[in-house]
Amino acid sequence: MRLKVPLTGTVLDYDILGAKYDGIGVVGDPNDPVKPVEINLGYISWGLVTIDLVNDLAEIEVSPAENINVLKAGGDPLNPADWTSRVSTPTERQGFLDNAKSLVESHTVDELYIMSKSKRLVKSAEVVEKYKKNPPNVAAREQLLAQLENK
Amino acid sequence: MSVFINGVDKQSVDVNAVQVKQNLSAANSTVNKGVYDATLLETVDGDLAVGNIKTGVTIFGKAGTVTPGTLAEDVEGDTPSAVVMNGASASGKEGIWNIGNAEVTLVTKTLNFNATSLAFATAFANVKEVAATDDITLQLYMGGLLMQTSAELPSPPTLNFVLRDFKALAGAQECKLTALSVVAASKIKFHGAEENSQQAVAIAVGSVKLV
């Protein structure tokens with residue numbers, strides 16, 4: 001499942017040639033890395049698909065957690081020993097995705113920045129122009145990601 | 001096809017002979033002596049197109065527009081990075097990394113990439129123990145960009161937790177694995193080398209350069 005989440009951090013450059021191969025092109029500042037705002041999307045993992053430097057959005061591929069932590073019957077939620085893990089069910093996994101989708105799409109971009117206490121993405125007009133004139137080849141990234149998943 | 005005039009085969013003879021009509025074929029490059037109807041070569045073979053010819057090459061007036069991609073080995077960074085635990089550690093058996101309410105770098109690798117390279121990073125964590133209440137996730141960064149975030153680590157943990165991705169990188173760039181938690185006093189206990197033969201946490205990076 002794909003979601004679009006606001007970005008924070010600092011963009012240093014846009015690699016035109018790199019964007020043809022990695023589908024992203026953005027070069028971030030290692031001291032202030034480019035990343036989606038930190039909001040708890042629940043029991044999911046995600047991988048970056050591409051970045052929209054005009055609207056400051058990250059498109060991420062979200063996957064439900066395969067294993068989840070559950071509280072033992074009668075257990076104390078504050079006691080780690082009263083927790084165990086198990087494989088999540090298909091119904092639960094769909095619920096995780098629905099929850100993440102709802103969390104993102106039921107809030108405006110401004111609200112997500114406030115909720116996560118994140119600053120807006122820092123970028124230069126020059127970098128944005130490079131991006132607009134040379135959009136990333138997302139298809140190339142999707143193809144290579146699919147090949148990595150099959151290994 | 002033969003053409004006989006007064007009993008003599010006159011096919012394709014220049015003087016006082018009959019020129020036989022010929023046809024070009026896309027199946028081969030043969031051009032028989034003869035006469036041809038006016039045509040365009042690209043109608044004979046549709047593959048004669050600028051989109052099938054590389055840039056800088058012109059074939060029968062068709063200037064190519066294709067920029068070929070070439071890959072060559074760039075850097076090879078297959079040596080796992082060393083990890084020093086920051087918490088109490090029983091020598092060789094296990095190591096503890098205190099996370100706390102923070103994001104901490106577990107392992108990092110900085111390499112000097114050709115401009116431009118396609119780098120591939122694989123990070124793994126040999127987690128022995130993590131508390132369900134610590135809500136710890138792992139993150140993979142490449143070149144100042146967050147590429148992957150794991151789900152909350154399960155307790156008991158999955159052995160050899162792996163994150164991998166690829167990114168175009170140029171010059172000196174860092175790839176790293178971090179752990180994030182919003183729970184004070186959160187920590188991860190890793191397997192030590194004496195318990196199994198693997199590194200507790202490692203990141204391996206390699207790349208090919210785009211020529």
Side-chain angles (χ1 to χ4, degrees), chain A residues 7 9-13 15-36 38 40-48 51 58 60-61 63-71 77-88 96 136 141 144-145 148 151, chain B residues 67 69 71 103 105 108 110 113 115-120 122 129-158 161 163-176 178 180 182-183 186-187 208-211:
Chain A
L7 283 164
T10 298
V11 177
L12 294 182
D13 199 3
D15 181 349
I16 295 172
L17 177 58
K20 291 182 180 178
Y21 291 90
D22 73 2
I24 299 173
V26 171
V27 181
D29 183 349
N31 297 315
D32 184 25
V34 174
K35 57 184 177 180
E38 285 180 24
N40 188 347
L41 295 178
Y43 278 114
I44 57 100
S45 61
W46 64 259
L48 184 63
I51 284 179
I60 60 176
E61 180 70 47
S63 302
E66 295 181 356
N67 297 282
I68 56 172
N69 296 316
V70 292
L71 187 65
L78 296 180
N79 182 4
D82 286 347
W83 288 80
T84 186
S85 70
R86 63 167 172 78
V87 176
S88 55
F96 300 154
R141 177 167 187 77
L144 195 45
L145 280 174
L148 285 177
K151 280 188 179 275
Chain B
T67 301
L71 300 178
E103 180 174 11
T105 296
T108 182
T110 299
F113 298 95
T116 297
S117 293
L118 196 59
F120 294 80
T122 299
E129 186 180 306
V130 62
T133 49
D134 280 355
D135 298 339
I136 296 174
T137 59
L138 300 179
Q139 283 70 232
L140 175 64
Y141 289 84
M142 297 180 73
L145 201 63
L146 178 55
M147 305 298 295
Q148 301 262 340
T149 292
S150 76
E152 181 183 308
L153 294 184
S155 177
T158 304
F161 199 90
L163 291 178
R164 58 171 181 248
D165 215 313
F166 68 96
K167 175 78 177 68
L169 298 176
Q173 295 285 349
E174 175 189 65
C175 297
K176 64 180 182 181
T178 70
L180 168 69
V182 295
V183 176
S186 66
K187 58 182 180 294
V208 289
K209 58 183 177 181
L210 307 171
V211 177

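So that the names make sense, note that chain A is the first sequence line, chain B the second, and so on, each numbered from 1. Below, each value reflects all heavy atoms present in this structure, side chains not excepted, and no hydrogens, waters or symmetry copies.
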Please classify the contact between [X] and chain B as side chain, backbone, both or neither, with a heavy-atom cut-off of under 4.5 Å.
X       : answer
A/Leu12 : neither
A/Ile24 : side chain
A/Arg86 : neither
A/Pro77 : backbone
A/Asp15 : side chain

Heavy-atom cut-off 4.5 Å, strictly under: side chain, backbone, both or neither for [X] against chain A?
X        : value
B/Gln173 : side chain
B/Glu103 : side chain
B/Ser155 : both
B/Leu153 : backbone
B/Tyr141 : side chain

Shortest non-hydrogen pair, A/Ala19 vs A/Gly25, comes out as CB-CA, 3.7 Å
Check your understanding: Can B/Ser186 and B/Asp134 be said to form a side-chain hydrogen bond (donor to acceptor under 3.5 Å, both in side chains), step by step?
Key -> CA-CA 5 Å; B/Ser186 66; B/Asp134 280 355; 4.9 Å; no
Practice item. Between chain A and each of B/Leu146, B/Thr137, B/Leu180, count heavy-atom pairs under 4.5 Å; write down the option with the most. Key: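 Maximum pair count with chain A is reached by B/Leu146.
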key: Heavy-atom pairs under 4.5 Å with chain A, option from B/Lys176, B/Gln148, B/Gln139 with the top count   =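 If we count pairs closer than 4.5 Å to chain A, B/Gln148 comes out on top.
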Rounding to 0.5 Å, atoms CG (B/Leu140) and CG (B/Leu145) come to a distance of 10.0 Å
Query raised in the report: At what distance, to the nearest 0.5 angstrom, does CD of A/Glu38 lie from OG1 of B/Thr149?
Result: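 Here the interatomic distance stands at 8.5 Å.
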- Query: Does the pair B/Phe166 and A/Leu145 meet the rule for a side-chain contact (heavy atoms from CB on, under 4.5 Å), with working shown?
  - Reply: CA-CA 8 Å; B/Phe166 68 96; A/Leu145 280 174; 3.8 Å; yes
field: salt bridge (charged side-chain N to carboxylate O under 4.0 Å, His left out) partners of B/Asp135, counting only residues at least two apart
entry: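 Once residues adjacent in sequence are excluded, B/Asp135 has no partner under the salt bridge (charged side-chain N to carboxylate O under 4.0 Å, His left out) criterion.
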Are more than 12 heavy atoms, taken from residues, nucleotides or ligands other than A/Lys35, located less than 6.0 Å from that residue's NZ atom?
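Yes.
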Check this for me: A/Lys20, atom NZ, are more than 12 non-hydrogen atoms of other residues, nucleotides or ligands nearer than 6.0 Å?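 At most 12 heavy atoms, drawn from other residues, nucleotides or ligands, come within 6.0 Å of this atom.
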